[in-house]
Amino acid sequence: MASAIEAAINLGVPLLLLAVAYFTGRRVERQHYASIRARESELRMLPAVTFRQIPSAWAVDGLGVVSGSCVVSVDYFKRFLAGLRTFVGGRVTSYETLLDRARREAILRCKEDARRRGFQAVVNLRIETTRVTRASNNSRATAGVEVLAFGTGLELRRDPR
Amino acid sequence: MILSTTETIPGRTIKRFFGVVTGSTVRSKHIGRDFMAGLKNIFGGELKGYTELLQESREDALARMVQEAESLGANAVVNLRFATSSITQGAAELFAYGTAVQVD
């Protein structure tokens with residue numbers, strides 16, 4: 001009897017976590033994507049480019065380093081899916097969307113930083129990705145992924161486009 | 001101090017090079033933040049505590065780099081770059097580097 005209860009707990013808890021994570025994770029992701037899309041269209045007027053040099057046609061009045069970063073974590077359900085995926089190999093879609101969200105969010109924050117400081121464009125945008133580990137000693141050491149976007153914000157005399 | 005990720009500063013000429021300047025800091029999270037991150041690992045989402053911590057640390061690294069540049073007599077740092085690495089469990093190194101120059 002005791003072992004039956006134990007078995008039920010051992011199986012039930014992860015299943016419950018999977019179900020909860022599936023719904024919360026999906027909701028979080030959907031909301032995040034909605035927010036990303038809205039802000040992206042709002043910031044379309046502020047271009048961020050990867051040019052290493054400032055186009056000579058642009059009259060620059062001032063400049064400064066701008067940055068934006070974001071640490072995101074994948075949910076329990078998606079981690080489980082990714083774990084299954086490693087058996088057969090192939091595209092790990094659950095991590096692809098996680099990185100996509102993190103990257104777009106970081107670029108948005110970088111642009112928001114530029115706008116807040118009165119810049120009209122960002123040049124030489126760079127993107128760095130790092131794995132962030134947890135302090136506690138458990139098997140799942142990855143806490144999340146940090147994406148940093150940074151570049152040079154420019155104050156322009158007239159519109160860059 | 002003028003900071004830029006580009007190789008030159010528009011409208012200014014570089015008079016003198018002082019070489020590479022660096023600034024770094026190694027940080028770890030406290031237990032509370034780590035616990036919250038554990039929860040987020042189940043439900044998914046942004047780890048705001050980590051984002052803030054890393055951003056603060058990066059500013060610290062940048063400040064150290066600027067300090068080094070100032071001590072050399074530079075008034076600008078060009079081609080600035082950031083790098084982050086996970087050193088060990090729960091700790092990360094934030095690193096900022098660039099070339100200290102004197103512009104007119």
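Lettering follows sequence order; numbering is per chain, from 1.
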Novice: Measuring heavy-atom distances to chain A, does B/Ile2 have an atom under 4.5 Å in its side chain, in its backbone, in both, or in neither?
Specialist: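 Side chain only.
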Novice: Taking side chain as everything from C-beta outward and backbone as N, CA, C, O, which of these in A/Val60 sits under 4.5 Å from a heavy atom of chain B? Side chain, backbone, both or neither.
Specialist: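 Just its side chain gets close to chain B.
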Novice: Which atoms of A/Arg52 are under 4.5 Å from chain B, going by heavy atoms: the side chain, the backbone, both sets, or neither?
Specialist: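 For A/Arg52, backbone and side chain are both near chain B.
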Novice: Take atom CD of A/Glu40 as the centre, draw a 6.0 Å sphere, and report whether it contains more than 12 heavy atoms from other residues, nucleotides or ligands.
Specialist: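 Count over threshold, so yes.
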Novice: Which pair of non-hydrogen atoms, one from A/Val28 and one from B/Gly45, has the smallest distance, and what is that distance?
Specialist: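 Heavy-atom minimum between the residues: CG1-CA, 3.7 Å.
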Novice: Please identify, among A/Gly64, A/Cys70, A/Ala59, A/Ala21, the residue contributing the most non-hydrogen atom pairs under 4.5 Å to chain B.
Specialist: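 Of the candidates given, the most pairs with chain B belong to A/Cys70.
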Novice: Does a sphere of radius 6.0 Å around CZ in A/Phe23 hold more than 12 heavy atoms from other residues, nucleotides or ligands, not counting ones at 6.0 Å or beyond?
Specialist: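 Counting neighbours around CZ of A/Phe23, 12 or fewer heavy atoms of other residues, nucleotides or ligands fall under 6.0 Å, so no.
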Novice: Are the side chains of B/Arg58 and A/Leu148 in touch, meaning some heavy atoms are under 4.5 Å apart?
Specialist: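 Answer yes - side chains close enough.
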Novice: Does a donor on one side chain sit under 3.5 Å from an acceptor on the other, for B/Thr6 and A/Thr152?
Specialist: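 No, because no side-chain N or O of B/Thr6 sits under 3.5 Å from a partner of the opposite role on A/Thr152.
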Novice: Whether the side chain of B/Ser86 engages the backbone of A/Arg131 through a donor-acceptor N/O pair (distance < 3.5 Å, no angle test) should be reported.
Specialist: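 Flag set: sc B/Ser86 to bb A/Arg131 pair under 3.5 Å.
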Novice: Looking at every non-hydrogen atom in both residues, tell me the closest pair between A/Ser69 and B/Thr51 and how far apart they are.
Specialist: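 Looking at all heavy atoms of both residues, the closest pair is O-CG2, 3.3 Å.
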Novice: Please check if B/Phe95 and B/Val20 belong to a single hydrophobic cluster, counting links between Ile, Leu, Val, Met, Phe, Trp and Tyr side chain heavy atoms closer than 4.5 Å.
Specialist: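 No; tracing contacts between hydrophobic side chains, which count when under 4.5 Å, never links both residues.
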Novice: With a sphere of 6.0 Å drawn around CZ of A/Phe80, does it hold more than 12 non-hydrogen atoms of other residues, nucleotides or ligands?
Specialist: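 No, because the 6.0 Å sphere around CZ of A/Phe80 holds 12 heavy atoms or fewer from other groups.
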Novice: Is chain B contacted by the side chain of A/Arg26, its backbone, both, or neither, given a heavy-atom distance below 4.5 Å?
Specialist: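 Looking at A/Arg26, nothing touches chain B.
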Novice: Between A/Arg109 and B/Glu46 (salt bridge meaning N to carboxylate O under 4.0 Å), is one present in this structure?
Specialist: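 B/Glu46 and A/Arg109: salt-bridged.
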Novice: Above 12 or not: heavy atoms from other molecules or residues under 6.0 Å from CZ of B/Arg12?
Specialist: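 12 or below, so no.
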Novice: Using only heavy-atom distances, determine whether the side chains of B/Gln55 and A/Ser67 contain a donor-acceptor pair under 3.5 Å.
Specialist: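 Result is yes, a qualifying pair exists.
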Novice: Of the non-hydrogen atoms in A/Thr130 and B/Ser85, which two are nearest, and what is the gap between them?
Specialist: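 So the two residues come closest at CG2-CA, 4.2 Å.
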Novice: Look at the side-chain heavy atoms of Ile, Leu, Val, Met, Phe, Trp and Tyr, link any pair under 4.5 Å apart, and say whether A/Leu156 and A/Val49 land in one connected group.
Specialist: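 Yes, one cluster joins them.
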Novice: The test is side-chain hydrogen bond (donor to acceptor under 3.5 Å, both in side chains); show your working for A/Glu128 and B/Thr84 and say whether it passes.
Specialist: CA-CA 8 Å; A/Glu128 301 261 346; B/Thr84 317; 5.9 Å; no
Novice: Side chains of B/Leu54 and A/Val132: closer than 4.5 Å at any heavy-atom pair?
Specialist: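 Yes. Closest side-chain heavy atoms under 4.5 Å.
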Novice: Does A/Val65 share a hydrophobic cluster with B/Leu94, counting links as ILVMFWY side-chain heavy atoms below 4.5 Å and allowing steps through other members?
Specialist: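 Looking at the clustering, B/Leu94 is in a separate group from A/Val65.
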Novice: Would A/Phe150 and B/Arg81 count as a side-chain contact (heavy atoms from CB on, under 4.5 Å) here? Give the steps.
Specialist: CA-CA 8 Å; A/Phe150 66 99; B/Arg81 295 284 181 270; 4.2 Å; yes
Novice: Starting from A/Leu125, can I reach A/Phe119 by hopping between I/L/V/M/F/W/Y residues whose side chains sit under 4.5 Å apart?
Specialist: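 They do share one cluster, since a chain of ILVMFWY contacts under 4.5 Å joins A/Phe119 to A/Leu125.
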Novice: Do A/Leu99 and A/Val92 land in one hydrophobic cluster if side-chain heavy atoms of ILVMFWY residues count as linked below 4.5 Å?
Specialist: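 Shared cluster, yes.
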Novice: For chain A, find which of B/Ile9, B/Thr5, B/Asn79 contributes the most heavy-atom pairs closer than 4.5 angstrom.
Specialist: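 The option with the most such pairs is B/Thr5.
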